[in-house]
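Since we're looking at a predicted model, the values are computed, not measured. Just so you know, ligand 1 is whichever comes first in the structure, and atom 1 is the first atom listed for that ligand.
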Amino acid sequence: MQPSYHDFISEPAKRMPRSDIREILRVVEKGNVISLAGGLPDPRVFPLEELEEISREVLLKHGDKALQYSPTRGIRLFREILAEYMGKRGIPVSDPDEIIVTVGSQQAIYLTALTLLNPGDIVVVESPGYLAALNVFKIVRAEMVGIPLDEDGMDTNILEDKLRSLSSQGRKPKLLYTVPTAQNPSGVTMSMERRKHLLELASQYDFLIVEDDPYSYFLYEPVDFKPLKQMDKEGRVIYLSTASKILAPGLRLGWAIGPREIIDYMELAKQNMDLHTPSLSQYIAGEAFRRGIIDKNIPRIVSLYKEKRDVMLKALEEYFPEGSKWVKPIGGFFTFVYLPRGVDTKKLLPEAVDRGVAYVPGRNFFPHGGGENTLRLNFSFPPAEKIEEGIRILGKLFKEKLA
Ligand SMILES: Cc1ncc(COP(=O)(O)O)c(C=O)c1O
């Protein structure tokens, strides 16, 4: 008799949130669909020739170490290189031991949650917020409190009201998770005023902040901002970043920078999870940072994505129904559209895919529901002409449904 496998699956595994995006991408990959759904870099930004040369050299000169097991916290040399690079970007690192190297920043989010959150602890998130982080907070059974965004990022006045009301019940959040610069999914960037306010609130109400920062390296407009980590006087910010958008996501390299005591616990959690981040990736990326390949690549990244962003914004203006609203992102991979009420983007997705275009329904990004009339659109990956065509097809579909 074949066992009933479902009966063997653990309760935590059954509770794992399924990502709509992955399900959609699976469908999209099969057919001839324009995908505005994913969040992939354009492969033209991968510095292939340089990586080929570095990989050969790394294997020849350091093959014995690059192919060997390595420390859980990350290879010391790579952490030193990162500390210097981060320092130049205004992220202070006084000791490479304040850094842990992770398998993408996704693992850094998971390790932070495992290390800091008990079931029932309150974590403040942006609404809409980064889906894969919201999923992690669900897995560890934290209680999420979503704070709405506007064009200046998380509304810290609403946050303050919420903190006050929690405090009157004798409660407070332990953690606040934010993507303050070129947020995924909304594309907004938190103003300096809000950043200051947020740090004041963290101090007043005694919580920690996770600043997730994959996108601030390549901005399409000049903006006045400082990383929260740089403004943090009390050591409340754990800063996360990644090589995925500036080098290549396939290397699976991210890092967290924070107080040593917390990084020590994250190291312990990681040790039990995967022993360490691939040594070869760390050697290759370390050389790419050291030789200035990433810095040289950034202007190319900016010009390519800025052009695609502009194609998308122009097409939205031309084809989307009157009354739609979206953000002009100054960085990142996405814009987020609010359609007039009455359009349900989740219900319409199969029809959109039938007509040849995929997107991510926005409701996935709202921790407490809502957002039925919203969608996230990616401009980094599709070719410019496909972006135009995709937005035209979607605009026609949405206008038909509103008629
Ligand atoms: C805000 C944010 N955080 C984390 C990640 C995860 O990136 P990775 O695990 O490739 O470093 C992404 C990827 O899209 C992201 O947008």
Side-chain angles (χ1 to χ4, degrees), residues 19-22 24-25 35-43 45-46 74 78 82 86 99-113 123 125-137 139 149 153-154 175-190 209-219 227-229 237-257 266 270 273-274 277-278 281-282 284-285 288-289 294 301 305 327 329-336 360 362 364-365 367 376-381:
S19 159
D20 266 10
I21 305 180
R22 293 223 163 268
I24 298 160
L25 286 181
S35 178
L36 307 177
L40 309 184
D42 187 323
V45 307
F46 302 154
F78 182 53
L82 271 181
M86 290 289 104
I99 303 181
I100 182 167
V101 180
T102 55
V103 178
S105 49
Q106 184 60 32
Q107 187 182 47
I109 298 171
Y110 199 26
L111 290 174
T112 315
V123 56
V125 295
E126 291 157 329
S127 180
Y130 176 50
L131 180 60
L134 304 186
N135 285 345
V136 165
F137 299 136
I139 292 170
L149 302 167
M154 180 188 277
L175 202 66
L176 179 145
Y177 170 85
T178 175
V179 184
T181 308
Q183 199 240 18
N184 178 358
S186 72
V188 300
T189 293
M190 196 188 282
I209 297 173
V210 173
E211 175 179 29
D212 187 7
D213 183 27
Y215 299 114
S216 73
Y217 303 83
F218 49 95
L219 300 179
L228 291 166
K229 179 81 181 155
V237 177
I238 301 164
Y239 175 88
L240 315 183
S241 196
T242 175
S244 290
K245 322 291 175 183
I246 47 175
L247 190 56
L251 291 170
R252 303 309 300 127
L253 270 187
W255 51 93
I257 303 175
M266 288 170 74
K270 183 172 165 66
M273 196 180 278
D274 62 5
T277 302
S281 289
Q282 296 182 60
I284 293 172
F289 277 110
I294 289 170
I301 296 177
Y305 294 155
V327 171
I330 54 102
F333 284 5
F334 309 101
T335 188
F336 197 77
V360 183
N364 294 285
F365 302 97
R376 190 191 74 174
L377 296 168
N378 168 261
F379 56 79
S380 58
F381 184 74

If you apply the rule side chain to side chain contact (heavy atoms under 4.5 Å, CB included), what do you find for Ser244 with Arg252, and how did you get there? CA-CA 7 Å; Ser244 290; Arg252 303 309 300 127; 3.5 Å; yes
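- Taking the six-membered ring where tryptophan is involved, the planes of Phe365 and Phe336 are perpendicular, since the angle between them exceeds 60° and thus also 30°.
- Between Thr112 and Tyr177, the side chains place no donor N or O within less than 3.5 Å of an acceptor N or O (distance only, hydrogens not considered).
- Distance from atom 1 (C) of ligand 1 to its nearest protein heavy atom, with residue and atom name: Asp212 OD2, 3.4 Å.
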Checking Arg376 against Asn364 for the side-chain hydrogen bond (donor to acceptor under 3.5 Å, both in side chains) test, could you report, in this order, the C-alpha distance in whole Å, the side-chain angles of both residues, the deciding distance, and whether it holds? CA-CA 10 Å; Arg376 190 191 74 174; Asn364 294 285; over 6 Å; no
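- The main-chain N or O of Pro128 is found under 3.5 Å from a side-chain atom of Gln183 such that the two form a donor-acceptor pair.
- For ligand 1 and Thr242, the ligand atoms under 4.0 Å from any heavy atom of the residue are 8 (P), 11 (O).
- The aromatic rings of Phe289 and Phe78 are tilted relative to each other, their planes meeting at an angle between 30° and 60°.
- Of all protein heavy atoms, the one closest to atom 10 (O) of ligand 1 is Ser244 OG, 2.6 Å.
- Which parts of ligand 1 touch Tyr215 is read off a 4.0 Å heavy-atom cut-off, strictly below it: atoms 14 (O), 15 (C), 16 (O).
- Among protein heavy atoms, the minimum distance from atom 13 (C) of ligand 1 is reached at Lys245 NZ, 2.9 Å.
- At a heavy-atom cutoff of 4.0 Å, ligand 1 is contacted by no atom of Phe333, backbone or side chain.
- Comparing heavy-atom distances from atom 6 (C) of ligand 1 across Pro249, Ser105, Ala182 singles out Ser105 as nearest.
- Atom 12 (C) of ligand 1 has Tyr130 OH, 3.2 Å as its closest protein atom, hydrogens excluded (heavy atom only).
- For ligand 1, the atoms sitting less than 4.0 Å from at least one non-hydrogen atom of Val179 are 1 (C), numbered in the order shown with element in parentheses.
- At least one heavy atom of Pro214 sits closer than 4.0 Å to an atom of ligand 1.
- The closest approach between a heavy atom of Arg252 and any atom of ligand 1 is below 4.0 Å.
- Checking side-chain atoms of Ser380 against main-chain N and O of Leu40 turns up a donor-acceptor pair under 3.5 Å.
- Side-chain atoms of Thr181 and Tyr215, non-hydrogen and from C-beta on, never get closer than 4.5 Å to each other.
- Here Gln183 has no heavy atoms under 4.0 Å from ligand 1, in either its backbone or its side chain.
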